[in-house]
**Student:** 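This is the structure, below, for whatever I ask next.
Order of appearance sets the numbers: ligands from 1, and atoms from 1 within every ligand. In what follows, residues are counted from 1 in the order of the sequence shown. Note: hydrogens, waters and symmetry copies are ignored here, and every other heavy atom, side chains too, is used.
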Amino acid sequence: MTADPRRHIPRTDDVLADPQVGAVATGVHPLIVRAAVRRAQEQARQGLIEAEAVVACAVNDLARVESRAVINATGVIVHTNLGRSVLCDAAQAALVRGSGYAAVEYDLSTGRRSRRGRLVTQDLLDRVPNAEDALVVNNGAAALLLSVLALPGDVLLARGEMVEIGDGFRLHELLAGAGRPVTEVGATNRVHLRDYADAAGEGTGCIVKVHPSNFEVVGFTSSVPVETVASLGHPVIADIGSGLLQPHPGLPREPDAHSALAQGAALVTFSTDKLLGGPQGGVIMGRADLVQRARRHPLARSMRADKLAFAALSATLRAEQKPPTLEMLQRSEEGLLERLCQLQKAVGGEVVSVSAVVGGGAAPGVSVPGPALSLAGSLARRLRVGQPAVITRTHARRCLIDLRCVPPGQDGVIAEAVRAALGPSQ
Ligand SMILES: *Cc1c(COP(=O)(O)O)cnc(C)c1O
């Protein structure tokens, strides 16, 4: 008979008196501190964590800012649950600089009000010269919504492009929710120009082309490229999803803003925190008259981007340095293997071969081979609740550590975390 583990849950006063808790509780509102301790005890009561982990769990809870920094050892590069992109150094610095008063809607030379986001718009146009104008909003979904709202009339969308982007949200339902019902065109696997031609009419406002960014349809398929759809004469909005600005040789099937506009899209929309590697945001770019209509639409105000997003996006666009997202994608297998063998020397385990994925609604067909360290499955939870939190991938009941998204300087931190998770007996 083992004793009821719940009897070992430390009392609130003991947790509060723990020096580790004291260290992170300094300067934190007392209601927040007590609540964090209660939550940790409750997790132990429910058997979700061990009684000895209550202090560590409370420390984790208290150590977070709004969102707590974690180490991404999953191998999923654009991980939506982990905040998608890692900002480049310049963008991180820009966030700090931009956090005070900033000339967001203010022209320093004239002393007058200026258009919000004027400088970041300029950066976007410098990077995609065939766009006449651009607008930055809160995220990719808002960019698509506002583009459609800027074009009065019905929306045509291929059935095979009616995408659920994540967390149960579907783009066509988003448009319908804003009062712009979508006319479905073609079949799930195939759509032809004549389908669009049959569906188009007097009332057609735009044709939306959504990049199937998080799935692939294989087999008997056909879709109509932007340039062919554009030949019908209705404005085409191309939602390219992941925000490549120009073609990328390593991602030949990923659409990019420049090419979509060159093929005749009136507007192109994308997220700024996927392959672009910036902060959360969405961009509308293309024809000047349509971008201006989007800018002046009454709902635009409810989707406007934050000054910190402008600062980080601008720095991302201006940097010569490749964003970490693309750098991680291109990390060599040999380099990763070398790092992983060092880690294996330090903590044991078995080196296995896995494939990393881009993730986050980008490049669904692309998998990037690489090595991972396979450890006992029980370590996953301990690493997750540790300090720092290390998020791993669980596969076939093994805990897999993939170093592709781990900055090389943090390999030692991972080794430390694994040792701590293995416990003193190991
Ligand atoms: C990711 C994605 C969206 C949604 O963008 P958010 O920035 O998550 O709002 C819309 N369309 C496509 C094709 C996408 O890949």
**Student:** Would you say ligand 1 has an N or O under 3.5 Å from any N or O of Gly140?
**Tutor:** yes
**Student:** Report yes if some N/O of His211 lies less than 3.5 Å from some N/O of ligand 1; otherwise report no.
**Tutor:** no
**Student:** Which one holds for Ser213 and ligand 1: side chain close, backbone close, both close, or neither close, with close meaning a heavy atom under 4.0 Å?
**Tutor:** side chain
**Student:** For ligand 1, is there an N or O atom under 3.5 Å from any N or O atom of Asp239?
**Tutor:** yes
**Student:** How does Gln280 reach ligand 1, by side chain, by backbone, by both or by neither, if only non-hydrogen atoms under 4.0 Å count?
**Tutor:** neither
**Student:** Under a 4.0 angstrom heavy-atom cut-off, which atoms of ligand 1 come close to Ala141?
**Tutor:** 4 (C), 5 (O), 6 (P), 9 (O)
**Student:** From the options Arg304, Arg115, Lys307, Arg112, select the one residue that forms a salt bridge (Lys or Arg N to Asp or Glu O under 4.0 Å) with Glu105.
**Tutor:** Arg304
**Student:** Below a 4.0 angstrom heavy-atom separation, can you tell me which part of Arg84, side chain or backbone, both or neither, approaches ligand 1?
**Tutor:** side chain
**Student:** Tell me the closest heavy-atom pair linking Pro212 and Val163, and the distance in Å.
**Tutor:** CA-CG2, 4.4 Å
**Student:** Which atoms of ligand 1 have any heavy atom of Leu171 under 4.0 Å away?
**Tutor:** 10 (C), 11 (N)
**Student:** Can you measure from OG (Ser374) to CG (Asp402) and round to the nearest 0.5 angstrom?
**Tutor:** 12.0 Å
**Student:** Which is closest to atom 1 (C) of ligand 1 in terms of heavy atoms, Lys209, Glu161, Lys274?
**Tutor:** Lys274
**Student:** If the cut-off is 4.0 Å to any non-hydrogen atom of Ser271, which atoms of ligand 1 fall inside it?
**Tutor:** 1 (C), 5 (O), 6 (P), 7 (O)
**Student:** Can you establish whether the number of heavy atoms outside Glu338 located under 6.0 Å from its atom CD is more than 12?
**Tutor:** no
**Student:** Classify the contact between Thr269 and ligand 1 as side chain, backbone, both or neither, using a heavy-atom distance cut-off of under 4.0 Å.
**Tutor:** neither
